[in-house]
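Here is the structure we will look at.
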Amino acid sequence: MQEGAGRREARAFAPASVANVAVGFDLLGYAVAGVGDTVTVRRIAAREVRIAAIRGTTAELPTEAAGNTAGAALIALRQALALPFGFEIEIDKGIPLSSGMGGSAASCVAALVAANALLDAPLSREQLYLHSLEGEAVASGSRHGDNLGPMFLGGLVLSTLERLVPVPVPGQWHSLLVHPDALLETRRARAALQGSYELKEFVAQSTHLALVLAGCHAGDAGLVRAGLRDVLVEPRRAPLIGGFDAAKQAALEAGAMGASISGAGPSVFAWFETREAAEAAASKVQSAFAAAGFGSQSWVTPLDSPGAHLL
């Protein structure tokens, strides 16, 4: 597939993601195969970024480029490279809105990957990531990369504001992601985190993050089981998610290494040592949400699922 000079249009797909992963608030996330957003980008003569269409959702999403995650990211890219041309964007949403599955980030990443194919000198994924932070800030009000990093690279990624650090995980480990039919806006979920925290909570959370990262590198499920617990964010957000406690308990009783809120919620994720265990747990977690009055969707994917790619 030819990139760069002479090409005028490109399409890219970016997967959903699970952000925070219980222990890495705004830092840690992983890609989720099977669901995502598709963005078509055209190179235009006008030195501007415009959004031509948004499909796949009944919600009103910003069509002014500066107020849209994909548009804001391409504006940042244009300005940084001083490009003598512009971009026109069409977005096809495949991720439910306000789901905790990285929907705004996926549009942003897919737009950048598509636009990158139209550059005379394409950038690396790490360079594109820096521009994507501007798009994410439009959606959530802050610059953080826990959704963006894994969408660019695939798998489990530690994403600081300056760099992306892939974290190896055993190929047989799988994720269960369950999305209840409910909405939880990211800004509301972040507002729930306001207030004071005790030093011992930060020590415990740092301990848990260290155990999970060490467990992933060593392929040691016991270390992950000891660490995959959120003492900072989950207690403050769980009351916003109907059926969460029962859903989490169902996952743990089904053998999960750990379970918590995906991103800002209301989706719930759980880690399992095998695909079979994750698939067996799906109906149990969904039944817990059903008992609380919510239908749901579920996805079972490897923790090393692929990132964004050109179509």
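Both backbone and side-chain heavy atoms feed into the values below; hydrogens, waters and symmetry mates do not. Everything numeric here is computed off the predicted structure, so don't read it as measured data.
Of all heavy-atom pairs between S260 and F244, the closest is C-CE1, 3.9 Å. A pairwise comparison of heavy atoms in R78 and F87 identifies CG-CE1, 3.7 Å as the closest pair. Of all non-hydrogen atoms in S107 and D37, the two that sit nearest each other are OG-OD2, 2.7 Å. Shown here for D181 and S296, the closest heavy-atom pair between the two residues is OD2-N, 3.8 Å. Across A114 and V41, no two heavy atoms sit closer than the pair CB-CG2, 3.7 Å.
Using a 4.5 Å heavy-atom threshold, the side chains of V268 and F289 count as touching.
At distances below 3.5 Å, at least one donor-acceptor pair connects side-chain atoms of S262 with backbone N or O atoms of G100. A donor-acceptor pair is defined here as one N or O able to donate and one able to accept, closer than 3.5 Å; such a pair exists between the side chain of R225 and the backbone of A256. No donor-acceptor distance shorter than 3.5 angstrom exists from the side chain of D220 to the backbone of G215, with no hydrogens or angles considered. For S267 (side chain) and S99 (main-chain N/O), a donor-acceptor pair under 3.5 Å exists by modelled atom type. Under a 3.5 Å cut-off, the side chain of H174 and the backbone N or O of V300 do not form any donor-acceptor pair. With hydrogens and angles ignored, the 3.5 Å screen pairs no side-chain donor or acceptor of D304 with any backbone N or O of G155. With hydrogens and angles disregarded, no donor-acceptor distance shorter than 3.5 Å links the side chain of S17 to the backbone of A19. Looking only at distances, a side-chain donor or acceptor of T69 sits under 3.5 Å from a matching main-chain atom of S104.
A salt bridge links R55 with E90: the distance from a Lys NZ or Arg NE/NH1/NH2 to an Asp or Glu carboxylate oxygen falls below 4.0 Å. Salt-bridge annotation for E134 and R143: present, with a side-chain N of the basic residue lying under 4.0 Å from a carboxylate O of the acidic one.
Under a hydrophobic-cluster definition in which Ile, Leu, Val, Met, Phe, Trp and Tyr are linked whenever side-chain heavy atoms come within less than 4.5 Å, directly or via other members, V231 and L252 are assigned to different clusters. Under the 4.5 Å side-chain heavy-atom criterion for ILVMFWY residues, no single connected hydrophobic cluster contains both V23 and V157.
Just one residue in the list L193, D230, L232 forms a side chain to side chain contact (heavy atoms under 4.5 Å, CB included) with R237, and that residue is L193.
Ring geometry for H309 against F13 counts as tilted: the plane angle lies between 30° and 60°, on a 0 to 90° scale. Aromatic ring pairs are classed by plane angle as parallel below 30°, tilted from 30° to 60° and perpendicular above 60°; the pair F202 and Y197 is tilted.
A donor-acceptor pair shorter than 3.5 Å cannot be found between the side chains of S159 and Y129.
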